[in-house]
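The next block holds one structure in the form of structure tokens; read it before the comments.
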Amino acid sequence: ISQFLTELDGLEELRGVLVLAATNRIELIDPAILRPGRFDLIVEVPLPDRESRLGIFSVHTLNRPLATDVELDTLVSLTEGFSGADIKAVCDEASMNAIRDSIDLQDISELLIKNDHFDQAFKWLKAQKERTP
């Protein structure tokens, strides 16, 4: 951290240098880094609300063969506190679950992503988050 602060506050004036940073754990950032004068702008992007989560699910399930038992409104209800990346991960994992379950299909057009595949994906994501400090 001290080297980073030295570079930010260095003795030489830096021209044409832009520092862009991102984190999903701002509470872990050393307060010295966030002191006024170091960063001109701090933008906080909140977690998506219900309507935004529905939009994210719509984008990430577009052109994917969803079974009739999959209701996006139900999935949205289960994702309070999820980021857009979390929702994408659930959709991708549900798709992979469907592929694994359908590996023996003769006709790929029969492949469907079912509610059970999403349930498995939610369990997978929860396990992933528990392993990450």
Side-chain angles (χ1 to χ4, degrees):
I1 289 177
S2 68
Q3 180 63 37
F4 179 65
L5 295 175
T6 300
E7 293 294 329
L8 278 179
D9 296 338
L11 299 173
E12 304 173 15
E13 181 180 341
L14 298 176
R15 293 187 178 271
V17 175
L18 173 69
V19 177
L20 179 67
T23 182
N24 60 349
R25 301 290 307 271
I26 197 162
E27 71 277 5
L28 298 179
I29 302 293
D30 189 310
I33 293 174
L34 300 176
R35 189 186 86 210
R38 294 232 162 99
F39 286 94
D40 293 331
L41 180 63
I42 296 175
V43 178
E44 185 173 342
V45 179
L47 292 173
D49 61 10
R50 183 176 182 79
E51 183 179 333
S52 298
R53 291 193 314 274
L54 179 59
I56 294 166
F57 268 111
S58 296
V59 166
H60 290 293
T61 58
L62 185 67
N63 298 324
R64 295 189 191 197
L66 298 180
T68 57
D69 68 342
V70 175
E71 295 181 15
L72 294 186
D73 283 334
T74 302
L75 297 176
V76 167
S77 298
L78 297 171
T79 55
E80 180 72 34
F82 279 43
S83 68
D86 292 336
I87 294 170
K88 179 187 184 311
V90 165
C91 292
D92 290 347
E93 184 64 18
S95 298
M96 292 305 296
N97 291 336
I99 291 168
R100 285 183 201 106
D101 285 353
S102 304
I103 203 80
D104 294 329
L105 285 179
Q106 299 298 320
D107 184 2
I108 193 72
S109 67
E110 295 176 26
L111 183 130
L112 289 175
I113 305 168
K114 300 175 185 171
N115 193 55
D116 184 53
H117 297 129
F118 279 97
D119 289 342
Q120 293 170 26
F122 281 117
K123 289 176 187 170
W124 169 83
L125 183 63
K126 181 180 178 189
Q128 293 296 312
K129 287 185 168 212
E130 287 173 354
R131 288 195 320 215
T132 305

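Quick note: numbers below take in every heavy atom, side chains included, and nothing from hydrogens, waters or symmetry partners.
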(request) Under the side-chain contact (heavy atoms from CB on, under 4.5 Å) rule, collect the residues that match up with L72, sequence neighbours excluded. (result) L54, F57, S58, T61, L66, L75

(request) Please examine the side chains of F118 and L78, heavy atoms only from C-beta on, and report whether any two atoms are closer than 4.5 Å. (result) no

(message) Any heavy-atom pair between the side chains of I56 and F82 that's under 4.5 Å?
(response) no

(message) If hydrophobic residues (ILVMFWY) are linked whenever their side-chain heavy atoms come closer than 4.5 Å, directly or via other members, who joins L28 in its cluster?
(response) none

(request) Identify the two heavy atoms, one from N97 and one from A121, that lie closest to each other, and give their separation to 0.1 Å. (result) ND2-N, 3.6 Å

(message) Would you compute the distance between atom NZ of K114 and atom CD of Q120 and round it to the nearest 0.5 angstrom?
(response) 10.5 Å

(message) Could you work out, with salt bridge (charged side-chain N to carboxylate O under 4.0 Å, His left out) as the rule, every residue matching D92, not counting sequence neighbours?
(response) R64, K88

(request) Not counting sequence neighbours, which residues clear side-chain contact (heavy atoms from CB on, under 4.5 Å) with L47? List them please. (result) S83

(request) Report the residues that fulfil side chain to side chain donor-acceptor pair (under 3.5 Å) with R35, sequence neighbours left out, ordered by chain and then residue number. (result) none

(request) Quick one: list whatever passes side-chain contact (heavy atoms from CB on, under 4.5 Å) with E110, sequence neighbours left out. (result) L105, D107

(message) Restricting to salt bridge (charged side-chain N to carboxylate O under 4.0 Å, His left out), what partner residues turn up for E27, sequence neighbours left out?
(response) R25

(request) Decide whether a cation-pi geometry holds between K129 and F122; the criteria are a distance under 6.0 Å from NZ or CZ to the six-membered ring centre and an angle within 45° of the ring axis. (result) no

(request) List the atom of P48, the atom of G84, and the distance in Å for their closest heavy-atom pair. (result) CG-N, 4.1 Å

(request) Considering only Ile, Leu, Val, Met, Phe, Trp and Tyr, and joining two whenever side-chain heavy atoms are under 4.5 Å apart, list the other residues clustered with L112. (result) none

(request) Using side chain to side chain donor-acceptor pair (under 3.5 Å) as the criterion, list what pairs up with D101, not counting sequence neighbours. (result) H117

(request) State the CG-OG1 distance between N115 and T68, to the nearest 0.5 angstrom. (result) 10.0 Å

(request) Report whether I113 and L125 are members of the same hydrophobic cluster (ILVMFWY, side-chain heavy atoms less than 4.5 Å apart, transitive linking). (result) yes

(message) Applying side-chain contact (heavy atoms from CB on, under 4.5 Å), can you list everything that pairs with V43, at least two apart in sequence or on another chain?
(response) L41, V45

(request) Could you tell me which residues satisfy side chain to side chain donor-acceptor pair (under 3.5 Å) with T79, sequence neighbours excluded, listed by chain and number? (result) R53

(message) Please give the remaining members of the hydrophobic cluster of L18, linking ILVMFWY side chains under 4.5 Å, ordered by chain and number.
(response) none

